[in-house]
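Just below is one structure, and these are the notes that go with it.
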Amino acid sequence: MRDFIWPAIGNSFVKLDPREVARNPVMFVVEVGSVITTFYLILGLIHTRSDTAFVGAVSGWLWFTLLFANFATAMAEGRGKAQADALRKMRTETFANLVTDEGTTQVPAAQLRKGDIVIVSAGEVIPGDGDVIEGIASVDESAITGESAPVIRESGGDRSAVTGGTKVLSDQIKVRITSDPGETFLDRMIALVEGAQRQKTPNEIALTILLAGLTIIFLIVIVTLQPFAIFSNAPQSATVLIALLVCLIPTTIGGLLSAIGIAGMDRLVRHNVLAMSGRAVEAAGDVDTLLLDKTGTITLGNRQAAEFMPMPGVTEAELADAAQLASLADETPEGRSIVVLAKSYGIRERHIDPESATFIEFSAQTRMSGIDLDGHAIRKGAGDAIIQWVRQRGGEVPPLLEETIENVSLQGGTPLAVASDERVLGVIHLKDIVKGGIRERFDELRAMGIRTVMITGDNPLTAAVIAKEAGVDDFLAEATPEAKMDLIRSEQQQGKLVAMTGDGTNDAPALAQADVGVAMNSGTSAAKEAGNMVDLDSNPTKLIEIVAIGKQLLITRGALTTFSIANDVAKYFAIIPAMFMVSFPQLRTLNVMRLHSPHSAVLSAVIFNAIIIVMLIPLALRGVKYRPWPAARLLRFNLLVYGLGGVIAPFIGIKIIDLILVTFHLTT
């Protein structure tokens, strides 16, 4: 037993970080009190008479149960220590083509220094922050910015800066590294993630204070009980006092807390959500503000063709036909969406023989793609690129074109112009598509008292359009990782609990800071490591189910806490009269259960205390039914059902156990 006890006690104290003790002295009292009380219980039982061996066995089982709850919580919360691992992995597993006097050589990205020059080709990840000094390329920055639309990076001007961790989609660029190790964007993300500190929920703080207060009160009661007993010529043994203390302190709810948390996590799994700890589920039940990343959460994540906008003298069908031809070789989501939209005009997708046509792939230099077919050249691309191409061929640009392009941009969309030879046909409106049914889901969240805020890197005008269409309460545009964290901390300083959903590396610090960080499974590994929940379906509105499960967890814990406290009080008034009825015969009147003897009273209480935890585990795992009632009504219900039940159960249970002990001569 010694080999079992000492490591367990040591592990309990290892959990107590000095900084955490300074922040939460009450939790320190609970932790230390739990360990010391149980340890001294075992020491006391070692010196008892042989007829209390059964008490020792039951108390040993209770000790094991408390240790398991302590260990399970430590294991779950220990998962958060790996929040920055994915970011470090992204940095250390990237390699770079370093330019040297002898040519190019491949080196780990972590070895790059300021001033080094690297070459990055299509399909490769940019190894570090830097400036493009040669070439032009289309770059996917979604892993960093969260925005799916590729951007053009080229030498000179304000579009030369590139960020480590982004991916080159086309062409090749030469980059001069501008930051040393430890100063890059990814290093800054790691620092933000590791510096994030989740606050304790109000319910967690209240329960901690309640349990610590009751523990201290009953400790004082037991300590003062012995002098009174000696004065009354009825001294009690150390075994009796320690067993009485274990019966009175809130061990019932303490032994069930872990089961309640694990059950909440299990209910989330049924909804395809992985929770890293019971605390995360609990916090979800008290969420006041929900921050949602736009791309991939509120919107589908890829801009899609929404409308064909023809120029004067051109029909929509003619524009749709040309746009589809120019997109046949375009395998991007945007290109596929143009082909699909054209089908709504009765234009079926054509399968063109490559020998009779020349497909023009998109490049960062031309910013166009298209097809040469039957002597005609059809192009689609950026508006200014198409305008220049048409003018080079001697064509005229309709005055309405630039106005149409500007209107699409003002609506938050991406305009693609389409031309055939020297004639401009019109504009394709690409837009972020808001996920179906999301407005109704946000209405449900609003009815639950949760404020929704959309987070995006878009400009305020674009953000306002998407926010209005999605039905969110507010939005934060041009959001940086620091701005997201500042917003979360601002909400938390007002006493609110904040939930954050996201899927990008730039969301990782905010996910780590939020009380409930729900990462999308479709997102980056950094985001999933930073959050304390992962939604396997990548559905941000699933927070409605998460909140409902969190509220059920809180209701379950509140009900069982009410039962536990009433249970402890009832045991006190059931045991004390029996303990002193020999010395004070007048107390026999208060011994309403007619317990056999002081010894059987204490022994019955210890056994009942152990059994009641096992009996309540099914309720803790199943959970109390969630009822959207006001707090006052819910409190009355808990007091009536679980409070009254907690008072009655000990009287019945202890009496039955006392009868069994006496019948089978298990006590003196």
Side-chain angles (χ1 to χ4, degrees), residues 69 72-73 76-77 198 200-208 210-211 252-290 441 444-450 496-499 501 514-518 531-537 539-565 613 615-643 645-646:
T73 304
E77 288 300 323
R198 287 192 174 96
K200 291 185 179 296
T201 67
N203 278 285
E204 184 180 5
I205 295 172
L207 183 61
T208 298
L210 176 63
L211 296 184
T252 303
I253 186 61
L256 294 173
L257 281 177
S258 182
I260 296 171
I262 292 173
M265 295 166 66
D266 178 67
R267 285 191 287 274
L268 280 180
V269 169
R270 299 175 197 171
H271 288 80
N272 271 1
V273 177
L274 300 180
M276 306 308 176
S277 69
R279 179 186 293 177
V281 186
E282 172 194 332
D286 272 340
V287 162
D288 301 293
T289 305
L290 169 61
R441 301 288 273 174
E444 293 181 50
L445 287 170
R446 195 173 296 108
M448 297 170 71
I450 299 175
K496 299 179 181 178
L497 291 187
V498 181
T501 66
D515 302 287
V516 181
V518 184
N532 52 15
M533 291 188 188
V534 176
D535 178 13
L536 300 180
D537 296 329
N539 178 10
T541 60
K542 195 180 290 182
L543 193 82
I544 294 175
E545 285 80 10
I546 295 175
V547 168
I549 292 172
K551 289 185 180 297
Q552 183 186 28
L553 184 149
L554 293 177
I555 292 172
T556 301
R557 197 176 67 181
L560 292 180
T561 299
T562 303
F563 181 92
S564 176
I565 295 173
I613 295 178
M615 295 179 65
L616 289 174
I617 285 178
L619 178 60
L621 295 177
R622 185 178 69 252
V624 177
K625 182 179 179 181
Y626 167 57
R627 298 176 176 86
W629 289 347
R633 183 181 178 185
L634 190 60
L635 177 61
R636 289 195 300 270
F637 178 83
N638 279 348
L639 289 176
L640 178 63
V641 176
Y642 297 98

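It should be emphasised that the depicted structure is a prediction, and the values quoted were computed from it without experimental measurement.
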Look up atom [atom1] in [X] and atom [atom2] in [Y], then write down how far apart they are to the nearest 0.5 Å.
X      : Y      : atom1 : atom2 : answer
Thr556 : Arg622 : OG1   : CZ    : 9.0 Å
Ile549 : Leu268 : CD1   : CG    : 4.0 Å
Ile565 : Leu560 : CD1   : CG    : 11.5 Å

Tell me the closest heavy-atom pair linking [X] and [Y], and the distance in Å.
X      : Y      : value
Ile546 : Ala284 : CG2-CB, 3.6 Å
Ala280 : Met533 : O-CE, 3.5 Å
Gln552 : Val624 : CG-O, 3.1 Å

Full working for salt bridge (charged side-chain N to carboxylate O under 4.0 Å, His left out) between Glu545 and Arg267: CA-CA 10 Å; Glu545 285 80 10; Arg267 285 191 287 274; over 6 Å; no
Partners meeting salt bridge (charged side-chain N to carboxylate O under 4.0 Å, His left out) with Arg446 (sequence neighbours left out):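 Scan of Arg446 (salt bridge (charged side-chain N to carboxylate O under 4.0 Å, His left out), adjacent residues dropped) gives Asp443, Asp473.
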Asp537: salt bridge (charged side-chain N to carboxylate O under 4.0 Å, His left out) partners, not counting sequence neighbours: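 Result, salt bridge (charged side-chain N to carboxylate O under 4.0 Å, His left out) vs Asp537: Lys542.
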Side chains of Tyr642 and Leu619 in contact at under 4.5 Å (non-hydrogen atoms):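 The answer is yes; the side chains approach within 4.5 Å.
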Steps toward side chain to side chain contact (heavy atoms under 4.5 Å, CB included) verdict (Val287, Asp515): CA-CA 8 Å; Val287 162; Asp515 302 287; over 6 Å; no
Exam field: side chain Asn532 to backbone Ala275, donor-acceptor pair closer than 3.5 Å: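 No; zero donor-acceptor contacts below 3.5 Å.
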Exam field: side chain Asp288 to backbone Leu497, donor-acceptor pair closer than 3.5 Å: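 Yes, Asp288 side chain to Leu497 backbone: donor-acceptor pair under 3.5 Å.
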With Leu639 via side-chain contact (heavy atoms from CB on, under 4.5 Å) - residues at least two apart: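 For Leu639, the residues satisfying side-chain contact (heavy atoms from CB on, under 4.5 Å) (neighbours in sequence not counted) are Thr562, Leu635.
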